[in-house]
**Q** 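Here it is, the structure in full.
Given the structure is predicted, the values throughout are model-derived calculations rather than measurements. Just so we're on the same page: letters track the sequence lines, and every chain starts at 1.
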Protein chains: 2
Amino acid sequence: MAGAVTVRDVARLASVSASTVSRALSASDLVAPVTRQRILDAAQQLGYTPNNSARGLITGRTNNFGLVVPDLENPYFASVTKGVQGRALREGYAVFVADSDEDVRSEIELVRKLASQVDGLILCSPRMSDEELADITEGTTTVLINRRLPEVESITVDDAEIVRQALGHLYALGHRCVAYAGGPATSWSDGQRRHGIHTALTDLPGLEVIEIGSFTPVFGGGQSAADLAVATGASAVLAYNDLMALGILSRLQARGIQVPRDMSVVGIDDVNAATLVSPALTTVRAPLRKVGTAAVNALIDGIRPENPRLEPEALPVQLIVRSSTSVPRSAVPLTSREEAGPNERSSNAHH
Amino acid sequence: MAGAVTVRDVARLASVSASTVSRALSASDLVAPVTRQRILDAAQQLGYTPNNSARGLITGRTNNFGLVVPDLENPYFASVTKGVQGRALREGYAVFVADSDEDVRSEIELVRKLASQVDGLILCSPRMSDEELADITEGTTTVLINRRLPEVESITVDDAEIVRQALGHLYALGHRCVAYAGGPATSWSDGQRRHGIHTALTDLPGLEVIEIGSFTPVFGGGQSAADLAVATGASAVLAYNDLMALGILSRLQARGIQVPRDMSVVGIDDVNAATLVSPALTTVRAPLRKVGTAAVNALIDGIRPENPRLEPEALPVQLIVRSSTSVPRSAVPLTSREEAGPNERSSNAHH
DNA sequence: TTGAAAGCGCTAACAG
DNA sequence: CTGTTAGCGCTTTCAA
């Protein structure tokens, strides 16, 4: 297609054999510098481009990666994709991106289709079951994002720390009753976060966290969650992610409930849109692009284990304070504290 | 990698020759139904997956497409990518996605890298010059998005109609002085839109459109544009795209200028984020995903010209009225009455 | 340091 | 309808 020019053409022009051309182009130190230069010039002159199919056929490697995400329009995955993309490219890999549209069946299909033509696969929070996942990744170097599975490499963020920082922030502002609007019940991250809440509570005496349910982790889910959050009487709400938090913000505004005066809102991720709204969203930033780059690094380590580039187990996060949080309306002035009994109320069990 | 099982293995198990297996898997009607079934069963049983490299080597086709976009985190391109993705997949193509990070050099590099391993390339508003573009697409089936170039297939939206609808809407509300916050001067679309403004004006007597400059087509660009728009005394502002409109909204709010009471704002594209803010953004929807699918269709037509799937020259658009536009403050009530002088440029400029 | 030869897995003539 | 043969463009032994 692109270039009908082959190694043989280059070889002829450079007066060497095809194999020498091949060597000059890959294992460059196996050929005499002069010859090598001559070959390079010839290749340049002819506009030679190696045929990936032929190369792949014999080496068994494609220099391609595959990435499967549930929804490219979700800014979370857009950022991760961007991270994967950039890093892969810098390492000489092109990447297939596939959008499963949040659907398990197409997810499986995509993995099948891609697995055969990549050196490694990055699966971003796939919906499929552990068994399907284990089954389908068999024989392909795979890295999971935001999900752990024995035997499979994975990249996650520090969910416990996310919750700790979010809750710590609200606690410091004086909030003592916080609603948690959770993500999908099947979500691995959501599980981690709910667990993190319980851990965090031991350090935050007097804090009560009310779990108001599981929601689809998008704008609409947040809108539904908002009313429930209000109904609990909480002075602040922590959402499973920014998209939900944005939905909460929107619904609250629609009801005339002022943020942060009447209700503080905290998101998770620090998606771009978090700064597009007003009040700008206070959130715990997850290093989304870095998640992507780390996944690529892990993949490369899996393929070429020589010089592994180490990554932390769970990527660090950071609270970003913006305008959607403040001291609660009912706050006790800092000077004369101690109103609610210390360590009195603790988290209610999830219903 | 994935399956070391080859056509020969399948052939052996099905007691046929390799070529029959090959035929059964592609030109299915060239082989006896019984044989075919036997082969399919054998393939299934062995977990056979065709080797794309080998197939590509001989057929010269890869069944892959490439897509180059400036920024995956920009929701505009995210949507286009999603469209490309979905359609390509349905047609049996996997797609390489490459993010050029708005950089010409990497754009060129990406095209080079991808061109050799795809059947077609979709280039989304590339920054490179016409010459570079023409040069680089030489020999590769290419479809351009939002840019026209002789000899190269392209998909665009109806920019003139976008402007007509946006301006028509504002005009109908009673606005007579509108600021246009343009996109990059080098942008093909922006040129079309400015041209569209002049055309539209002939149908909208008494309307004045003030072009306030060229801005980077993102949130920050909108923020800068906002103050200029206010300074013109216009009662409404049309932005080059939604991201800019969102920036304008934000800056206006920060200055205490109420939207839409003091100033109406109209965006273009109807990106997801347009509904995330309040007031929700009035905008002219461009069929972003459809742009992607149309590009894929065009690519397929270019590759297999047998049964072309026709697409309109420029994709249709639609005004979406939300809450960021209203009658201008100084509007003349429809009933009659003269409040401000005719042909006024009543403004609420704050300096 | 280089060349000759072999073959990766598949498909496309061409016979049968 | 099916088998045989040949070869896509490249890399990689193995000799020289």
Side-chain angles (χ1 to χ4, degrees), chain A residues 1-40 42-43 46-64 92 113 115-119 139, chain B residues 1-43 46-64 92 113 115-119 139 304:
Chain A
M1 275 265 129
V5 36
T6 79
V7 267
R8 302 167 71 100
D9 298 318
V10 178
R12 200 173 314 122
L13 182 59
S15 314
V16 292
S17 74
S19 23
T20 306
V21 173
S22 173
R23 276 187 285 253
L25 265 43
S26 29
S28 52
D29 46 338
L30 284 183
V31 55
V34 223
T35 322
R36 181 175 133 74
Q37 192 53 53
R38 191 153 35 94
I39 291 170
L40 260 38
L46 295 175
Y48 169 74
T49 316
N51 179 316
N52 291 72
S53 294
R55 186 173 275 181
L57 179 54
I58 190 159
T59 61
R61 290 180 303 99
T62 61
N63 283 327
N64 294 149
K113 174 150 182 73
S116 65
Q117 50 186 332
V118 299
D119 296 343
Chain B
M1 268 277 126
V5 35
T6 79
V7 267
R8 304 167 69 99
D9 298 317
V10 178
R12 200 173 314 123
L13 183 58
S15 314
V16 292
S17 74
S19 27
T20 305
V21 173
S22 173
R23 277 187 286 254
L25 266 43
S26 28
S28 51
D29 46 338
L30 285 182
V31 56
V34 224
T35 323
R36 183 175 132 75
Q37 193 51 56
R38 190 151 36 92
I39 292 170
L40 261 36
D41 289 346
L46 294 174
Y48 170 75
T49 315
N51 179 318
N52 291 73
S53 294
R55 185 174 276 182
L57 178 56
I58 189 159
T59 60
R61 290 181 304 97
T62 61
N63 283 328
N64 294 149
K113 176 153 180 71
S116 65
Q117 50 187 331
V118 299
D119 296 342
R304 310 193 296 244

**Q** Hey, are Ser17(A) and Thr20(A) close enough side-chain-wise for a donor-acceptor pair under 3.5 Å?
**A** yes
**Q** Which nucleotide in the set dT2(C), dA12(C), dT12(D) lies at the smallest distance from any side-chain heavy atom of Thr59(B)?
**A** dA12(C)
**Q** Without hydrogens or angle criteria, can the side chains of Ser116(A) and Asn52(B) be said to hold a donor-acceptor pair below 3.5 Å?
**A** yes
**Q** What is the distance, to the nearest angstrom, from the CG atom on Asn63(B) to the C1' atom on dC10(C)?
**A** 14 Å
**Q** For nucleotides 3-10 of chain D, just jot down a letter per nucleotide in 5' to 3' order: B, S or -, based on protein non-hydrogen atoms under 4.0 Å.
**A** BB--BBBB
**Q** If I take atom CZ in residue Arg38(B) and atom P in nucleotide dC1(D), what distance separates them, rounded to the nearest angstrom?
**A** 14 Å
**Q** Where the side chain of Asn64(A) meets the backbone of Val118(A), is there a donor-acceptor pair that is under 3.5 Å apart?
**A** no
**Q** Give the rounded distance in Å between these two atoms: CG of Leu46(B) and P of dG9(C).
**A** 14 Å
**Q** Nearest-Å distance, CG (Asn52(A)) to C1' (dC10(C))?
**A** 17 Å
**Q** If you measure from the Lys or Arg side-chain nitrogens to the Asp or Glu carboxylate oxygens, is any gap between Asp9(B) and Arg12(B) under 4.0 Å?
**A** yes
**Q** Measuring only between side-chain heavy atoms, which start at C-beta, is Leu13(B) closer than 4.5 Å to Ile39(B)?
**A** no
**Q** Could you tell me the separation between the CG atom of Leu25(B) and the P atom of dA12(C), rounded to a whole number of Å?
**A** 13 Å
**Q** With rounding to the nearest 0.5 angstrom, report the CZ to CG distance, Arg36(B) to Asp41(B).
**A** 10.5 Å
**Q** Whole-Å distance between dG9(C) P and Asp9(B) CG?
**A** 9 Å
